[in-house]
Amino acid sequence: MQGLIEAAADILIESRSTVALTGAGISVESGIPDFRSAGGLWSRYNPAEYADIGAFRANPEKVWQMLTEMDAIVGQARPNPAHLALGELEDIGLLTCVITQNIDNLHQAGGSKNVIEYHGNSSTLSCLWCGKRFTAAEKRGEIPPRCVCGKILKPDVVFFGEAIPEEALHRSYDFASSAQALLIIGTSALVSPANTIPALAKRSGAKLVEVNKERTHLTDSLTDVFLQGNAGEIMPRIVETVRKKREGITSF
Ligand code: NAD
């Protein structure tokens with residue numbers, strides 16, 4: 001493993017523009033379950049059923065049962081060493097931005113400043129009928145939260161069947177297509193269109209470093225360096241190796 005960590009660190013040091021693409025797996029060690037692992041929230045609420053815009057429109061009360069549980073879990077979660085490691089990489093000038101599929105705000109809490117929230121954010125709620133918007137804080141305790149028009153509000157996260165926010169889509173495209181390295185952390189890369197980002201970066205000449213507990217369909221097709229294990233253990237090791245290598249370079 002140390003050899004692979006060194007290879008990943010070399011890629012980051014040599015790259016002039018590195019982007020991280022993260023998925024639910026990076027937040028698992030913060031206590032937020034991903035879609036794929038057995039047990040927890042998603043064994044009771046099938047995401048295809050509960051995270052779908054058609055399901056929300058048809059029965060928002062039912063979907064809010066899941067959203068209320070998810071909010072409670074996310075509200076207690078704190079950034080883990082993988083989030084902190086990305087914040088540190090940005091601080092030392094080795095990470096341009098994080099493109100995250102997560103809606104849990106843990107990258108920002110972990111010190112990342114340039115974060116593209118590809119699937120939106122749960123801190124605001126909108127009315128699908130009249131368009132009015134509220135902060136989640138002003139509706140806290142109201143279950144399900146309602147608009148002044150009486151309809152049930154939807155969090156501003158992207159449900160299956162909804163479009164990606166245009167600005168996030170364009171910024172991600174620009175960063176990924178000009179990146180020299182892409183760090184892919186804790187994503188199964190099954191959810192579209194976020195899963196087109198690795199191929200886009202690769203076509204543009206980026207080296208791909210993948211950190212995941214399990215192999216994915218990217219591992220044997222696009223990935224240059226695959227680090228298998230928990231992101232919360234691997235990411236701090238990469239940052240530590242980067243630091244040591246840079247100290248070594250500057251001490252010559
Ligand atoms: P996913 O559930 O499809 O896949 C998670 C991946 O992370 C898997 O490949 C798994 O092997 C890996 N993983 C699990 N624990 C890990 C760990 N400790 N270290 C490294 N890797 C680990 O997640 P996805 O690809 O992000 O797609 C699911 C969708 O669900 C996304 O759109 C995301 O927005 C949403 N989601 C978000 C959250 C969140 O905000 N935290 C949580 C659940 C789902």
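Every number for a ligand or one of its atoms is a count from 1 in the order of the listing. Predicted model only: the values in this text are computed from it and were never measured.
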- N/O separation below 3.5 Å, Ala231 to ligand 1: yes
Of all heavy-atom pairs linking Ile152 and Pro144, the shortest is CD1-CG, 3.6 Å
Below the 3.5 angstrom mark, is there an N/O of Phe35, backbone or side chain, next to an N/O of ligand 1? yes
Here the atoms of ligand 1 under 4.0 Å from any heavy atom belonging to Gly186 are 5 (C), 6 (C), 7 (O), 21 (N)
shortest atom 37 (C) of ligand 1-to-protein heavy-atom contact is with Asn102 OD1, 3.7 Å
For the residue pair Phe35 and Phe160, categorise the inter-ring angle as parallel (less than 30°), tilted (30 to 60°) or perpendicular (more than 60°).
-> tilted
task = Could you tell me whether a side-chain N or O of His119 sits under 3.5 Å from a main-chain N or O of Ile103, the two making a donor and an acceptor?
result = no
Nearest heavy atom to atom 9 (O) of ligand 1, choosing from Asn212, Ile32, Leu21, Leu218, belongs to Asn212
Note: Ser27, heavy atoms under 4.0 Å from ligand 1, region reported as side chain
Under 4.0 Å from one or more heavy atoms of Gly23, ligand 1 contributes atoms 26 (O)
Near Glu29 (heavy-atom distance under 4.0 Å), the atoms of ligand 1 are 17 (C), 18 (N), 19 (N)
Do Leu190 and ligand 1 have an N or O pair less than 3.5 Å apart?
no
Atoms of ligand 1 under 4.0 Å from any heavy atom of Gly229, numbered from 1 in the order shown, are 19 (N), 20 (C)
of all protein heavy atoms, closest to atom 3 (O) of ligand 1 is Arg36 NE, 2.3 Å
Ranked by distance from atom 26 (O) of ligand 1, the top protein heavy atom is Ala24 N, 2.8 Å
Any Pro33 heavy atom less than 4.0 Å from ligand 1
yes
- Please confirm whether Ser30 comes under 4.0 Å of ligand 1, counting heavy atoms of the residue only. no
Q) Does CD in Glu61 sit with more than 12 non-hydrogen atoms of other residues, nucleotides or ligands closer than 6.0 Å? A) yes
>> Could you check whether any side-chain heavy atom of Thr18 comes within less than 4.5 Å of a side-chain heavy atom of Leu94, counting everything from C-beta outward?
In response: no
Checking heavy atoms under 4.0 Å, the part of Val28 that sits near ligand 1 is side chain
query = Are any of the N or O atoms of Thr187 closer than 3.5 Å to those of ligand 1?
reply = yes
Test salt bridge (Lys or Arg N to Asp or Glu O under 4.0 Å), reference Glu142, set Lys139, Arg140, Arg146, output is Lys139
message = A quick test of your reading: do over 12 heavy atoms of other residues, nucleotides or ligands sit less than 6.0 Å from CD of Gln2?
response = yes
Is it true that Glu240 and Lys244 make a salt bridge, defined as a side-chain N closer than 4.0 Å to a carboxylate O? yes
among protein heavy atoms, the one nearest atom 27 (O) of ligand 1 is Val191 CG2, 3.6 Å
Open item on the list: Other residues, nucleotides and ligands only: do more than 12 of their heavy atoms fall within 6.0 Å of CZ on Arg133?
Closed with: no
Ranked by distance from atom 5 (C) of ligand 1, the top protein heavy atom is Asp34 OD2, 3.2 Å
Here the atoms of ligand 1 under 4.0 Å from any heavy atom belonging to Met70 are 42 (C)
When every non-hydrogen atom of Asn80 is compared with those of Ser30, the smallest separation belongs to ND2-OG, 3.1 Å
Could you tell me whether a side-chain N or O of Ser112 sits under 3.5 Å from a main-chain N or O of Asn114, the two making a donor and an acceptor? no
Looking at Gly120, Gly31, Ala77, Gly25, the heavy atom closest to atom 13 (N) of ligand 1 belongs to Gly25
Would you indicate whether the side-chain heavy atoms of Val225 and Lys207 approach each other to under 4.5 Å? no
**Q.** contact_flag Ile103 ligand 1 heavy-atom lt 4.0 Å
**A.** yes
**Q.** Atom OH of Tyr45: over 12 foreign heavy atoms under 6.0 Å
**A.** yes
Within 4.0 Å of some non-hydrogen atom of Asp104, the atoms of ligand 1 are 39 (C), 40 (O), 41 (N)
Interatomic distance, CE@Met235 vs CG@Leu84, rounded to 0.5 Å, equals 11.0 Å
Lys62/Glu49 salt bridge by N-O under 4.0 Å criterion
yes
heavy-atom search around atom 34 (O) of ligand 1 in the protein gives Gln101 O, 2.2 Å
Residue, atom and distance of the protein heavy atom nearest atom 15 (N) of ligand 1 read Lys213 CD, 3.4 Å
- prompt: Can you find an N or O of Thr216 that's nearer than 3.5 Å to an N or O of ligand 1?
  reply: no
